[in-house]
Amino acid sequence: MSGKSNSCISGIVGLAAAVSVCVMPLHAQTIEEKTRVCAGCHGANGKPIDKTVPTIWGQQAGYIYIELRDFKRGDRKSDIMQPIASSLERQDMLDIAEYFSKKPWPDLGQPRASKEVSARALDANRSIGCTGCHLDHFQGDGTVPRLAGVSQEYLSKQMADFRNRARGNNPGMSDLMKATSPDAITALAQYLAGMQIDQYLAGQGH
C-alpha cells in the first residue's frame, strides 16, 4: 500500500475519531482526552501528517483559542475543524489552547532559505510590515501566531487563501496579502519555514 493511501486512511480514521469525541461529554474528560483526537491530523509528536495542516505544538495560546472560536462560529471554514470546535465550550477552548502552547515546538526539518529568497522575503516584509504584528523573529505573541518554522506548504496555502479571501476570519490579513505579489508570498513562505529561532526563544524565557 502506498504512503498516500496510508495517509488517506489515517485521515479517515482521525475524522471518525473526531466525530466520536464530539458526542462525548467534554466535562467528563481530562485535557489529554479532550486533545487526543487532535493527533490524528496535527501529529502525535507535534508534526502534522499533512504539511498543509498547521503546527499547534508551541503555538501562541491566544491564537489557538481565537482560531478554535472562529471555527466554532463558522468565521473560519473547515469541514473537519468546525464539527470538533462546535462541541467545545469557551473554557474547553482556553484549556486546549494553553495545553498545546506549553508543548515544545517541533523541528520540521525545513531548510533555510537561500540568500536570494531571503532578500525577496525581507523586501516584502519591509513593504507590508509583517514584523509589526508577528515581531522581529516572527515568534508571534498572544493572539498573533508564530510563523517561524511553520511548514512552507501551510504558510503558502494560508497566505494564498487570505489573498483570494477563501479564508475570511482576518480581513486585515486579506488586505495585506492582496497587496503582496504571488512571488513575494512564495519567498515569504520559504523564508519563514526555514527560520530556526528556538535557541533565541529559550533565552527569552518562552
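- At distances below 3.5 Å, not a single donor-acceptor pair connects side-chain atoms of Lys51 with backbone N or O atoms of Pro48.
- The hydrophobic cluster containing Trp105 also contains Tyr63, counting ILVMFWY residues as joined when their side-chain heavy atoms lie under 4.5 angstrom apart, directly or transitively.
- Between Met81 and Cys41 there is no side-chain heavy-atom pair separated by less than 4.5 Å.
- Under the 4.5 Å side-chain criterion, counting only non-hydrogen atoms from C-beta, Glu32 is in contact with Tyr99.
- Partners of Lys47 according to the side chain to side chain contact (heavy atoms under 4.5 Å, CB included) rule, which considers only residues two or more places apart in sequence or in another chain, are Asn45, Pro106, Leu108.
- Met159 and Ile128 fall within the same hydrophobic cluster, where Ile, Leu, Val, Met, Phe, Trp and Tyr residues are linked whenever their side-chain heavy atoms come under 4.5 Å apart, directly or through other members.
- By the salt bridge (charged side-chain N to carboxylate O under 4.0 Å, His left out) test, Arg167 is found to be paired with Glu67, residues two or more places apart in sequence or in another chain being considered.
- Contact annotation: the side chain of Arg112 approaches that of Gln196 to within less than 4.5 Å [non-hydrogen atoms, C-beta and beyond].
- Linking ILVMFWY side-chain heavy atoms closer than 4.5 Å, directly or via other members, places Ile80 and Val53 in two distinct hydrophobic clusters.
- Interatomic distance, Leu68 CG to Ser86 OG, rounded to the nearest 0.5 Å: 11.5 Å.
- Taking hydrophobic clusters as Ile, Leu, Val, Met, Phe, Trp and Tyr residues chained together by side-chain heavy-atom distances below 4.5 Å, Tyr65 shares a cluster with Ile96.
- Other residues, nucleotides and ligands contribute more than 12 heavy atoms inside 6.0 Å of the NZ atom of Lys72.
- With a 4.5 Å cut-off on side-chain heavy atoms, His42 and Pro54 count as touching.
- In this structure, Pro171 and Gly168 approach most closely via the heavy-atom pair CD-O, 4.3 Å.
- In the displayed structure, Arg90 atom CZ is contacted under 6.0 Å by at most 12 heavy atoms of other residues, nucleotides or ligands.
- Glu98 is linked by a side chain to side chain donor-acceptor pair (under 3.5 Å) to Lys102, counting only residues two or more places apart in sequence or in another chain.
- In this structure, His134 contributes its side chain and Pro145 its backbone to a donor-acceptor pair below 3.5 Å.
- Annotation: side chain to side chain donor-acceptor pair (under 3.5 Å) contacts of Thr52 (sequence neighbours excluded): Asp50.
- Across all non-hydrogen atoms, the minimal contact from Trp57 to Pro104 is CE3-O, 3.4 Å.
- For residues 176-192, the set of pairs meeting the side chain to side chain donor-acceptor pair (under 3.5 Å) definition, not counting sequence neighbours, is empty.
- Both Leu188 and Met173 belong to a common hydrophobic cluster when Ile, Leu, Val, Met, Phe, Trp and Tyr are linked at side-chain heavy-atom distances under 4.5 angstrom.
- Residue Leu122 holds its CG atom at 12.5 Å from OG of Ser127, rounded to the nearest 0.5 Å.
- Checking Val150, Asn125, Leu155 one by one against Leu192, the side-chain contact (heavy atoms from CB on, under 4.5 Å) holds for a single residue, Leu155.
- Contact annotation: the side chain of Phe100 never approaches that of Gln59 to less than 4.5 Å [non-hydrogen atoms, C-beta and beyond].
- Annotation for Ala124 and Ala184: closest pair CB-CB, 4.0 Å, computed over non-hydrogen atoms.
- Taking CZ of Arg146 as the reference point, atom CG of Asp141 lies at 13.0 Å (rounded to 0.5 Å).
- Minimum interatomic distance between Ser78 and Phe71 (heavy atoms only, all atoms of both residues): CB-CE2, 3.5 Å.
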Asp70 vs Lys77, side chain to side chain contact (heavy atoms under 4.5 Å, CB included): CA-CA, chis, key distance, verdict: CA-CA 8 Å; Asp70 285 357; Lys77 308 298 183 184; over 6 Å; no
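- Scanning all heavy atoms of the two residues, the minimum distance from Ser151 to Ala193 falls at C-CB, 4.3 Å.
- Listed by chain and number, the residues in a salt bridge (charged side-chain N to carboxylate O under 4.0 Å, His left out) with Arg69 amount to none (sequence neighbours excluded).
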Verdict with supporting geometry, Thr143 and Gln60, side chain to side chain contact (heavy atoms under 4.5 Å, CB included): CA-CA 7 Å; Thr143 60; Gln60 298 291 343; over 6 Å; no
Side chain to side chain contact (heavy atoms under 4.5 Å, CB included) assessment of Thr30 paired with Lys34: CA-CA 6 Å; Thr30 64; Lys34 291 177 183 178; over 6 Å; no
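- Going from atom CD1 of Ile66 over to atom CG of Asn170 covers 10.5 Å, rounded to the nearest 0.5 Å.
- At a cut-off of 3.5 Å, with distance as the only test, no side-chain donor of Asn169 or Asp75 sits close to an acceptor on the other residue.
- Looking at Arg120 and Asp123, no side-chain N of the basic residue comes within less than 4.0 Å of a carboxylate O on the acidic one, giving no salt bridge.
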CA sep, side-chain torsions, deciding dist, call: Gln110, Gln152, side chain to side chain contact (heavy atoms under 4.5 Å, CB included): CA-CA 8 Å; Gln110 300 179 113; Gln152 181 179 334; 3.9 Å; yes
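- For the pair Leu135 and Thr131, the minimum side-chain heavy-atom distance is 4.5 Å or more.
- To the nearest 0.5 angstrom, Leu147 atom CG is 11.5 Å from Thr55 atom OG1.
- Nearest heavy-atom pair across Ser174 and Phe162 is OG-O, 3.0 Å.
- The CD1 atom of Ile31 sits 11.5 Å away from the CZ atom of Arg36 when rounded to the nearest 0.5 Å.
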